[in-house]
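Order of appearance sets the numbers: ligands from 1, and atoms from 1 within every ligand.
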Amino acid sequence: MDRREIAALLAYIGRLDPRTIRTLQGEARDQLAQWHELLGDVPMATPHGWDVRVAARQHIRTSPYQILPADLARPWESYRRDRLARHSDPTPSVDPDDQAAWTAELAGTRRAVAAGTAQPAQARAITSGRDGVDPKLEVRLREIGSCIPPAARAALAPYRPARAARETAVAQGLPDALSVRCEWCLAQPGEPCRRRRIGPDGGARGTALCASHPSRVDLAAAQQAQQPAPA
Ligand SMILES: [Zn+2]
């Protein structure tokens with residue numbers, strides 16, 4: 001509260017409890033300075049349930065003693081404590097690799113909750129799923145599109161060549177052979193093609209993964225040509 005708000009508060013309190021009214025010029029100024037010094041960081045009201053006039057009225061209603069700044073600072077501190085106790089830090093929306101921005105957003109959110117300008121974020125487990133997710137964080141998740149970050153995906157590529165080839169093809173707009181069934185080796189959609197391994201005696205000795213059969217690539221290309229290009 002600034003000095004003007006403190007003066008308004010003292011006027012309100014004076015109406016409810018005339019004992020607090022200071023009529024002498026110097027006394028009134030000292031009282032204003034004292035209250036401002038002690039309650040400067042207490043807001044008049046917040047959008048979420050705090051109103052210093054309610055606290056003042058409650059004290060005058062229930063206590064025979066004249067109101068002191070402490071009678072307003074104490075309820076304000078417990079209001080802050082209560083909100084912070086109910087706040088579980090939500091995942092910040094900034095880049096997790098940017099340590100400074102990440103910490104700043106966590107601290108900023110806590111300050112806003114304590115100051116009463118934001119509602120506490122409850123743990124997701126006890127609220128309904130992803131409803132409380134920050135829209136900016138939602139955008140970031142959509143950009144990445146996978147729980148495997150792009151850098152880790154690139155590092156894994158040598159160890160899963162079929163998947164990497166498929167992703168490269170899709171990224172370049174080429175037909176994705178694995179999206180259709182292979183008419184040659186009967187591999188199901190999503191499964192890589194297989195070729196038969198022949199033993200020295202000419203008998204089959206199981207199958208091995210192989211590159212997509214040309215007929216399957218042609219089929220995927222034909223299917224892709226029929227579909228409208230993605231927007
Ligand atoms: Zn095949």
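The distance from the Zn ion (ligand 1) to the nearest N/O/S atom of C210 is not under 2.8 Å.
A donor-acceptor contact closer than 3.5 angstrom is absent between the side chains of E105 and T109.
We find the CZ-CD1 distance between R19 and I13 to be 12.0 Å, quoted to the nearest 0.5 Å.
No continuous path of ILVMFWY side-chain contacts below 4.5 Å connects V54 to Y12, so the two sit in separate hydrophobic clusters.
The angle subtended at the Zn ion (ligand 1) by SG of C182 and SG of C185 is 110°, given to the nearest 10°. Geometry at the Zn ion (ligand 1): ND1/H213 and SG/C193 form an angle of 100°, nearest 10 degrees.
The pair R181-E183 meets the salt-bridge criterion, since a charged nitrogen lies less than 4.0 angstrom from a carboxylate oxygen.
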